[in-house]
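Working notes, beginning with the structure itself.
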2 protein chains.
Amino acid sequence: MQKNIDPAPTTLPTGPPLAADPNAPDDLAAFKHAFRRHAAGVAAITTLAPDGTPVGFTATSLASLSAVPPLATFNMARSASSWAAMAVADRVVIHMLGAHNRAVAEKLAGPHAERFTGDHWRPGPYGLPVLTDVTSWMVGRIVERLPVHNNAVVVVQIEGGGMGADDEALLYHERSYRVPGASV
Amino acid sequence: MQKNIDPAPTTLPTGPPLAADPNAPDDLAAFKHAFRRHAAGVAAITTLAPDGTPVGFTATSLASLSAVPPLATFNMARSASSWAAMAVADRVVIHMLGAHNRAVAEKLAGPHAERFTGDHWRPGPYGLPVLTDVTSWMVGRIVERLPVHNNAVVVVQIEGGGMGADDEALLYHERSYRVPGASV
(Lines give C-alpha, C1' and ligand atoms only; values in the text may rest on other atoms or scores of the structure.)
Protein backbone atom coordinates (compact mmCIF):
# COMPACT_ATOMS: atom_id res chain seq x y z
CA MET A 1 0.00 0.00 0.00
CA GLN A 2 2.93 2.29 0.46
CA LYS A 3 4.90 1.21 -2.49
CA ASN A 4 5.10 4.56 -4.20
CA ILE A 5 5.89 6.68 -1.20
CA ASP A 6 9.15 7.13 0.62
CA PRO A 7 8.65 8.21 4.22
CA ALA A 8 12.05 9.77 4.86
CA PRO A 9 11.76 13.53 4.80
CA THR A 10 14.68 14.15 2.53
CA THR A 11 14.92 10.94 0.57
CA LEU A 12 14.03 11.41 -3.00
CA PRO A 13 12.07 9.12 -5.23
CA THR A 14 13.33 6.35 -7.40
CA GLY A 15 11.64 8.08 -10.32
CA PRO A 16 13.38 9.70 -13.24
CA PRO A 17 16.22 12.12 -12.41
CA LEU A 18 15.70 15.84 -12.80
CA ALA A 19 16.67 16.51 -16.37
CA ALA A 20 17.46 20.15 -15.85
CA ASP A 21 19.30 19.90 -12.59
CA PRO A 22 20.46 16.39 -11.68
CA ASN A 23 22.45 17.61 -8.71
CA ALA A 24 19.75 19.73 -7.14
CA PRO A 25 19.60 19.53 -3.34
CA ASP A 26 16.81 17.42 -1.88
CA ASP A 27 14.58 20.34 -0.99
CA LEU A 28 14.77 21.83 -4.48
CA ALA A 29 14.40 18.45 -6.14
CA ALA A 30 11.26 17.69 -4.14
CA PHE A 31 9.87 21.10 -5.00
CA LYS A 32 10.55 20.72 -8.71
CA HIS A 33 9.21 17.19 -8.86
CA ALA A 34 6.01 18.22 -7.14
CA PHE A 35 5.27 21.36 -9.11
CA ARG A 36 6.01 19.53 -12.33
CA ARG A 37 3.02 17.36 -11.46
CA HIS A 38 0.76 20.27 -10.61
CA ALA A 39 -1.35 22.06 -13.22
CA ALA A 40 -2.12 25.75 -12.88
CA GLY A 41 -4.55 28.20 -14.42
CA VAL A 42 -2.99 31.12 -16.24
CA ALA A 43 -3.70 34.73 -15.33
CA ALA A 44 -2.17 38.08 -16.26
CA ILE A 45 -1.63 40.86 -13.74
CA THR A 46 -1.20 44.47 -14.85
CA THR A 47 -0.74 47.86 -13.24
CA LEU A 48 0.76 51.27 -13.96
CA ALA A 49 4.22 52.39 -12.95
CA PRO A 50 4.29 55.78 -11.19
CA ASP A 51 5.23 57.42 -14.51
CA GLY A 52 2.13 55.97 -16.16
CA THR A 53 3.86 53.17 -18.05
CA PRO A 54 1.83 49.95 -18.18
CA VAL A 55 3.55 46.92 -16.65
CA GLY A 56 2.44 43.37 -16.10
CA PHE A 57 3.24 39.70 -16.21
CA THR A 58 1.79 36.25 -16.75
CA ALA A 59 1.09 34.45 -13.47
CA THR A 60 0.38 30.83 -12.61
CA SER A 61 0.06 31.62 -8.90
CA LEU A 62 -3.32 33.32 -8.86
CA ALA A 63 -5.53 31.92 -6.11
CA SER A 64 -8.75 32.76 -4.35
CA LEU A 65 -8.39 33.71 -0.69
CA SER A 66 -11.99 34.48 0.25
CA ALA A 67 -15.30 35.40 -1.35
CA VAL A 68 -16.60 37.72 1.39
CA PRO A 69 -14.79 40.05 1.12
CA PRO A 70 -13.60 39.02 -2.35
CA LEU A 71 -9.84 38.52 -2.00
CA ALA A 72 -7.28 36.97 -4.33
CA THR A 73 -3.55 36.38 -4.03
CA PHE A 74 -0.66 36.11 -6.42
CA ASN A 75 3.06 35.55 -5.91
CA MET A 76 6.01 37.16 -7.60
CA ALA A 77 9.76 37.60 -7.39
CA ARG A 78 10.91 40.97 -6.16
CA SER A 79 13.58 40.71 -8.84
CA ALA A 80 10.85 40.68 -11.52
CA SER A 81 10.68 43.59 -13.93
CA SER A 82 7.16 44.47 -12.75
CA TRP A 83 7.98 44.52 -9.04
CA ALA A 84 9.07 48.17 -8.80
CA ALA A 85 5.59 49.17 -9.98
CA MET A 86 3.74 46.48 -8.00
CA ALA A 87 5.59 47.54 -4.85
CA VAL A 88 3.93 50.96 -4.89
CA ALA A 89 0.73 50.47 -6.90
CA ASP A 90 -2.65 51.04 -5.29
CA ARG A 91 -4.55 48.84 -7.69
CA VAL A 92 -4.03 46.05 -10.22
CA VAL A 93 -6.06 44.33 -12.90
CA ILE A 94 -6.20 40.54 -12.77
CA HIS A 95 -7.17 38.84 -16.03
CA MET A 96 -8.25 35.26 -16.47
CA LEU A 97 -6.81 33.93 -19.72
CA GLY A 98 -8.51 31.56 -22.11
CA ALA A 99 -7.23 29.29 -24.86
CA HIS A 100 -7.31 32.08 -27.43
CA ASN A 101 -5.16 34.27 -25.16
CA ARG A 102 -2.11 32.08 -25.48
CA ALA A 103 -0.22 34.71 -27.48
CA VAL A 104 -0.96 37.31 -24.80
CA ALA A 105 0.24 34.91 -22.10
CA GLU A 106 3.53 34.52 -23.96
CA LYS A 107 3.83 38.24 -24.66
CA LEU A 108 3.43 39.12 -20.97
CA ALA A 109 6.03 36.49 -20.08
CA GLY A 110 8.44 37.83 -22.71
CA PRO A 111 10.80 40.82 -22.89
CA HIS A 112 9.63 43.54 -20.52
CA ALA A 113 9.87 46.38 -23.03
CA GLU A 114 7.61 44.62 -25.54
CA ARG A 115 4.81 43.49 -23.28
CA PHE A 116 2.54 46.45 -24.04
CA THR A 117 3.52 47.13 -27.62
CA GLY A 118 0.46 46.28 -29.69
CA ASP A 119 -3.30 46.65 -29.55
CA HIS A 120 -3.94 43.80 -27.08
CA TRP A 121 -4.75 46.23 -24.26
CA ARG A 122 -6.35 49.57 -23.55
CA PRO A 123 -6.69 51.88 -20.55
CA GLY A 124 -9.47 50.75 -18.21
CA PRO A 125 -10.56 51.79 -14.73
CA TYR A 126 -8.15 54.21 -13.03
CA GLY A 127 -6.23 54.24 -16.31
CA LEU A 128 -4.98 50.72 -15.57
CA PRO A 129 -4.13 48.52 -18.54
CA VAL A 130 -6.92 46.08 -19.35
CA LEU A 131 -6.11 43.27 -21.75
CA THR A 132 -8.72 42.92 -24.48
CA ASP A 133 -10.59 39.74 -25.30
CA VAL A 134 -9.77 37.94 -22.08
CA THR A 135 -12.39 35.63 -20.60
CA SER A 136 -12.76 37.75 -17.45
CA TRP A 137 -10.96 40.48 -15.55
CA MET A 138 -11.12 42.02 -12.10
CA VAL A 139 -9.83 45.32 -10.80
CA GLY A 140 -8.83 45.47 -7.16
CA ARG A 141 -6.89 47.25 -4.48
CA ILE A 142 -3.66 45.80 -3.10
CA VAL A 143 -4.32 45.28 0.61
CA GLU A 144 -1.18 43.33 1.62
CA ARG A 145 2.31 42.76 0.29
CA LEU A 146 4.13 40.07 2.26
CA PRO A 147 7.86 39.92 1.52
CA VAL A 148 9.41 36.44 1.87
CA HIS A 149 13.09 36.26 0.98
CA ASN A 150 13.34 37.91 -2.43
CA ASN A 151 9.67 37.28 -3.27
CA ALA A 152 6.31 38.69 -2.33
CA VAL A 153 2.80 37.44 -1.78
CA VAL A 154 0.34 40.12 -2.91
CA VAL A 155 -3.25 40.20 -1.63
CA VAL A 156 -5.87 42.03 -3.68
CA GLN A 157 -9.39 43.00 -2.67
CA ILE A 158 -11.57 42.83 -5.78
CA GLU A 159 -13.74 45.87 -6.47
CA GLY A 160 -15.26 45.12 -9.87
CA GLY A 161 -14.55 43.71 -13.27
CA GLY A 162 -15.90 42.54 -16.56
CA MET A 163 -16.35 39.50 -18.70
CA GLY A 164 -15.30 38.67 -22.21
CA ALA A 165 -16.45 35.98 -24.59
CA ASP A 166 -16.62 32.48 -23.27
CA ASP A 167 -13.54 30.37 -23.92
CA GLU A 168 -11.78 27.35 -22.50
CA ALA A 169 -9.58 28.19 -19.49
CA LEU A 170 -5.87 28.36 -20.22
CA LEU A 171 -3.65 26.01 -18.20
CA TYR A 172 0.08 25.68 -17.82
CA HIS A 173 1.34 22.18 -17.14
CA GLU A 174 4.56 20.35 -17.93
CA ARG A 175 5.96 23.44 -19.63
CA SER A 176 3.13 23.73 -22.12
CA TYR A 177 -0.16 25.55 -22.49
CA ARG A 178 -3.19 23.31 -22.30
CA VAL A 179 -6.95 23.46 -21.88
CA PRO A 180 -8.97 21.41 -19.39
CA GLY A 181 -9.76 17.95 -20.66
CA ALA A 182 -12.01 15.11 -19.58
CA SER A 183 -13.92 14.98 -16.32
CA VAL A 184 -12.75 12.28 -13.96
CA MET B 1 -11.51 45.49 -30.63
CA GLN B 2 -13.01 46.19 -27.24
CA LYS B 3 -16.32 44.61 -27.79
CA ASN B 4 -16.14 42.13 -24.97
CA ILE B 5 -14.73 44.37 -22.28
CA ASP B 6 -16.45 46.97 -20.19
CA PRO B 7 -14.06 49.60 -18.86
CA ALA B 8 -16.09 50.86 -15.91
CA PRO B 9 -14.61 49.49 -12.71
CA THR B 10 -17.84 48.32 -11.21
CA THR B 11 -19.99 47.71 -14.26
CA LEU B 12 -20.67 44.08 -14.78
CA PRO B 13 -20.78 42.21 -18.02
CA THR B 14 -23.70 41.68 -20.30
CA GLY B 15 -23.03 37.97 -19.98
CA PRO B 16 -25.24 35.44 -18.26
CA PRO B 17 -26.45 36.35 -14.76
CA LEU B 18 -24.98 34.64 -11.75
CA ALA B 19 -27.13 31.60 -11.29
CA ALA B 20 -26.33 31.13 -7.64
CA ASP B 21 -26.48 34.70 -6.50
CA PRO B 22 -28.24 37.05 -8.92
CA ASN B 23 -28.14 39.96 -6.49
CA ALA B 24 -24.49 39.72 -5.56
CA PRO B 25 -22.75 43.08 -5.19
CA ASP B 26 -20.47 44.07 -8.06
CA ASP B 27 -17.26 43.13 -6.31
CA LEU B 28 -18.46 39.65 -5.43
CA ALA B 29 -20.03 39.13 -8.84
CA ALA B 30 -16.78 40.08 -10.60
CA PHE B 31 -14.86 37.75 -8.32
CA LYS B 32 -17.21 34.84 -8.92
CA HIS B 33 -17.33 35.37 -12.67
CA ALA B 34 -13.56 35.48 -12.89
CA PHE B 35 -12.78 32.47 -10.73
CA ARG B 36 -15.43 30.47 -12.54
CA ARG B 37 -13.29 30.91 -15.62
CA HIS B 38 -10.05 29.94 -13.91
CA ALA B 39 -8.84 26.36 -13.65
CA ALA B 40 -6.81 25.22 -10.67
CA GLY B 41 -4.63 22.27 -9.81
CA VAL B 42 -5.75 20.22 -6.82
CA ALA B 43 -3.53 19.63 -3.80
CA ALA B 44 -4.08 18.24 -0.31
CA ILE B 45 -2.48 19.75 2.78
CA THR B 46 -2.09 17.75 5.98
CA THR B 47 -0.63 18.23 9.42
CA LEU B 48 -1.01 17.02 13.00
CA ALA B 49 -3.07 18.71 15.68
CA PRO B 50 -1.22 19.21 18.98
CA ASP B 51 -2.91 16.07 20.33
CA GLY B 52 -1.54 14.02 17.42
CA THR B 53 -4.75 13.82 15.42
CA PRO B 54 -4.22 14.05 11.66
CA VAL B 55 -5.99 16.98 9.98
CA GLY B 56 -6.04 18.23 6.42
CA PHE B 57 -8.00 19.58 3.53
CA THR B 58 -8.20 19.73 -0.24
CA ALA B 59 -6.80 22.97 -1.65
CA THR B 60 -7.06 24.66 -5.03
CA SER B 61 -4.90 27.58 -3.91
CA LEU B 62 -1.49 25.93 -3.87
CA ALA B 63 1.09 28.06 -5.67
CA SER B 64 4.82 28.26 -6.10
CA LEU B 65 6.46 31.31 -4.53
CA SER B 66 10.12 30.68 -5.31
CA ALA B 67 12.49 27.85 -6.21
CA VAL B 68 15.55 29.10 -4.27
CA PRO B 69 14.72 28.73 -1.48
CA PRO B 70 11.85 26.39 -2.40
CA LEU B 71 8.71 28.12 -1.13
CA ALA B 72 5.03 27.42 -1.72
CA THR B 73 1.86 29.14 -0.55
CA PHE B 74 -1.69 28.09 0.14
CA ASN B 75 -4.74 29.97 1.35
CA MET B 76 -7.39 28.94 3.83
CA ALA B 77 -10.26 30.27 5.89
CA ARG B 78 -9.52 30.66 9.58
CA SER B 79 -13.02 29.26 10.11
CA ALA B 80 -11.93 25.99 8.47
CA SER B 81 -11.87 22.86 10.60
CA SER B 82 -8.13 22.43 10.00
CA TRP B 83 -7.16 25.97 10.98
CA ALA B 84 -6.72 25.37 14.71
CA ALA B 85 -4.00 22.84 13.89
CA MET B 86 -2.50 24.83 11.00
CA ALA B 87 -2.29 27.90 13.24
CA VAL B 88 0.22 26.21 15.52
CA ALA B 89 1.83 23.50 13.36
CA ASP B 90 5.55 23.61 12.63
CA ARG B 91 5.32 21.56 9.46
CA VAL B 92 2.84 20.39 6.85
CA VAL B 93 2.76 17.88 4.01
CA ILE B 94 1.65 19.17 0.62
CA HIS B 95 0.44 16.51 -1.80
CA MET B 96 -0.09 16.93 -5.52
CA LEU B 97 -3.15 14.96 -6.55
CA GLY B 98 -3.60 13.03 -9.78
CA ALA B 99 -6.62 11.76 -11.62
CA HIS B 100 -6.74 8.55 -9.60
CA ASN B 101 -6.80 10.59 -6.35
CA ARG B 102 -10.22 12.05 -7.01
CA ALA B 103 -11.77 10.05 -4.16
CA VAL B 104 -9.11 11.34 -1.76
CA ALA B 105 -9.73 14.91 -2.94
CA GLU B 106 -13.40 14.49 -2.12
CA LYS B 107 -12.70 12.78 1.19
CA LEU B 108 -10.45 15.62 2.36
CA ALA B 109 -13.10 18.13 1.33
CA GLY B 110 -15.81 16.20 3.18
CA PRO B 111 -16.84 15.86 6.82
CA HIS B 112 -13.90 16.69 9.08
CA ALA B 113 -14.24 13.63 11.31
CA GLU B 114 -14.07 11.21 8.36
CA ARG B 115 -11.11 12.64 6.48
CA PHE B 116 -8.58 10.25 7.97
CA THR B 117 -10.72 7.17 8.44
CA GLY B 118 -9.38 4.58 6.03
CA ASP B 119 -6.06 3.35 4.72
CA HIS B 120 -5.39 6.21 2.30
CA TRP B 121 -2.68 7.66 4.54
CA ARG B 122 0.09 6.67 6.89
CA PRO B 123 2.50 8.46 9.23
CA GLY B 124 5.44 9.98 7.38
CA PRO B 125 8.26 12.35 8.34
CA TYR B 126 7.81 13.90 11.80
CA GLY B 127 4.77 11.63 12.17
CA LEU B 128 2.87 13.83 9.72
CA PRO B 129 0.10 12.18 7.72
CA VAL B 130 1.24 11.34 4.19
CA LEU B 131 -1.45 10.37 1.70
CA THR B 132 -0.59 7.20 -0.18
CA ASP B 133 -0.47 6.85 -3.95
CA VAL B 134 -0.36 10.57 -4.69
CA THR B 135 1.69 11.74 -7.66
CA SER B 136 4.09 13.70 -5.46
CA TRP B 137 4.37 15.14 -1.97
CA MET B 138 6.53 17.64 -0.14
CA VAL B 139 7.15 18.16 3.55
CA GLY B 140 7.96 21.67 4.68
CA ARG B 141 8.14 24.12 7.52
CA ILE B 142 5.56 26.89 7.88
CA VAL B 143 7.57 30.12 7.70
CA GLU B 144 4.75 32.68 7.51
CA ARG B 145 1.07 32.88 8.34
CA LEU B 146 -0.50 36.10 7.07
CA PRO B 147 -3.98 36.75 8.46
CA VAL B 148 -6.28 38.70 6.13
CA HIS B 149 -9.80 39.23 7.46
CA ASN B 150 -10.96 35.76 8.50
CA ASN B 151 -8.48 33.99 6.21
CA ALA B 152 -4.80 33.23 6.12
CA VAL B 153 -2.07 32.93 3.54
CA VAL B 154 0.39 30.24 4.65
CA VAL B 155 3.96 30.15 3.33
CA VAL B 156 5.86 26.85 3.48
CA GLN B 157 9.56 26.24 2.94
CA ILE B 158 9.96 22.82 1.34
CA GLU B 159 12.50 20.50 2.96
CA GLY B 160 12.02 17.22 1.12
CA GLY B 161 9.46 14.89 -0.33
CA GLY B 162 8.75 11.91 -2.49
CA MET B 163 7.12 10.84 -5.69
CA GLY B 164 4.43 8.34 -6.49
CA ALA B 165 3.43 6.73 -9.75
CA ASP B 166 2.98 8.98 -12.73
CA ASP B 167 -0.60 10.11 -13.33
CA GLU B 168 -2.46 12.93 -15.00
CA ALA B 169 -2.69 16.06 -12.83
CA LEU B 170 -6.04 16.62 -11.14
CA LEU B 171 -7.79 19.91 -11.92
CA TYR B 172 -10.83 21.62 -10.51
CA HIS B 173 -12.76 23.77 -12.96
CA GLU B 174 -16.40 24.75 -13.30
CA ARG B 175 -17.25 22.75 -10.20
CA SER B 176 -15.92 19.48 -11.55
CA TYR B 177 -12.73 17.45 -11.45
CA ARG B 178 -10.88 17.30 -14.74
CA VAL B 179 -7.54 16.36 -16.21
CA PRO B 180 -5.45 18.53 -18.53
CA GLY B 181 -6.52 18.25 -22.15
CA ALA B 182 -5.14 19.36 -25.47
CA SER B 183 -2.16 21.64 -25.92
CA VAL B 184 -2.99 24.99 -27.45
Side-chain angles (χ1 to χ4, degrees), chain A residues 1-2 4-7 9-10 13 15 26-28 30-31 33-35 37-41 61 63-66 70 73 75 96 99 102 122 124-125 130 132-133 135-136 138-139 144 146 148 151 153 155 158-165 169 171 173 176-184, chain B residues 1-2 4-7 9-10 13 15 26-28 30-31 33-35 37-41 61 63-66 70 73 75 96 99 102 122 124-125 130 132-133 135-136 138-139 144 146 148 151 153 155 158-165 169 171 173 176-184:
Chain A
M1 298 207 295
Q2 302 171 5
N4 292 318
I5 300 282
D6 186 322
T10 56
D26 288 346
D27 57 349
L28 179 59
F31 175 88
H33 274 294
F35 275 102
R37 293 192 162 184
H38 191 65
S61 61
S64 165
L65 175 60
S66 86
T73 62
N75 300 339
M96 304 314 199
R102 186 205 157 132
R122 66 192 176 85
V130 173
T132 48
D133 295 322
T135 63
S136 192
M138 309 181 280
V139 59
E144 297 278 356
L146 174 68
V148 187
N151 316 285
V153 178
V155 183
I158 305 307
E159 298 176 326
M163 257 172 111
L171 294 174
H173 182 49
S176 70
Y177 290 101
R178 311 271 286 269
V179 292
S183 292
V184 292
Chain B
M1 299 208 292
Q2 303 170 3
N4 291 320
I5 299 284
D6 186 319
T10 55
D26 288 346
D27 58 348
L28 180 58
F31 174 88
H33 275 293
F35 275 102
R37 292 191 164 186
H38 191 64
S61 61
S64 165
L65 175 59
S66 86
T73 62
N75 301 338
M96 304 313 201
R102 185 204 158 133
R122 66 193 176 85
V130 173
T132 48
D133 294 322
T135 63
S136 191
M138 308 181 283
V139 60
E144 297 277 358
L146 174 68
V148 187
N151 316 286
V153 177
V155 182
I158 305 309
E159 298 176 324
M163 259 172 109
L171 293 174
H173 182 51
S176 70
Y177 288 101
R178 312 271 285 269
V179 291
S183 292
V184 294

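Note on naming: letters A, B, ... go to the chains in the order of the sequence lines (proteins, then strands), and numbering restarts at 1 for each one. Keep in mind that the numbers below use all heavy atoms, side chains included, and drop hydrogens, waters and symmetry copies. The shown structure was predicted, so the numbers you read here are calculated from the model rather than taken from an experiment.
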Partner set under side chain to side chain contact (heavy atoms under 4.5 Å, CB included) for A:Ala40, not counting sequence neighbours: A:Thr60
Would you mind telling me which of B:Val148, B:Val153, B:Val184 has the largest number of heavy-atom pairs within less than 4.5 Å of chain A? B:Val184
Applying a strict 4.5 Å limit to non-hydrogen atoms, the region of A:Thr135 in contact with chain B is both
Most heavy-atom pairs under 4.5 Å with chain A, out of B:Ser176, B:Ser136, B:Ala182, B:Ala39, belong to B:Ala182
By a 4.5 Å heavy-atom criterion (distance strictly below it), what part of A:Ile158 contacts chain B: side chain, backbone, both, or neither? both
Is B:Ser64 in contact with chain A via its backbone, its side chain, both, or neither, using a 4.5 Å heavy-atom distance? both
Region of A:Leu171 that comes under 4.5 Å of a non-hydrogen atom in chain B: side chain
When every non-hydrogen atom of B:Met138 is compared with those of A:Phe35, the smallest separation belongs to CE-CE1, 3.9 Å
With only heavy atoms counted, which part of A:Val179 is less than 4.5 Å from chain B, the side chain, the backbone, both or neither? both
Look at the side chain of A:Arg37 and the backbone N and O of B:Met96, then say whether any donor-acceptor pair between them is shorter than 3.5 Å. no
A:His173 (side chain) donor-acceptor with A:His38 (main chain) under 3.5 angstrom: yes
About how many Å separate NE2 of B:His33 and CG of B:Leu28, when rounded to the nearest 0.5 Å? 9.5 Å
Partner residues of B:Ser61 under the side chain to side chain contact (heavy atoms under 4.5 Å, CB included) criterion, sequence neighbours left out: A:Ala63, B:Ala59, B:Phe74, B:Asn75
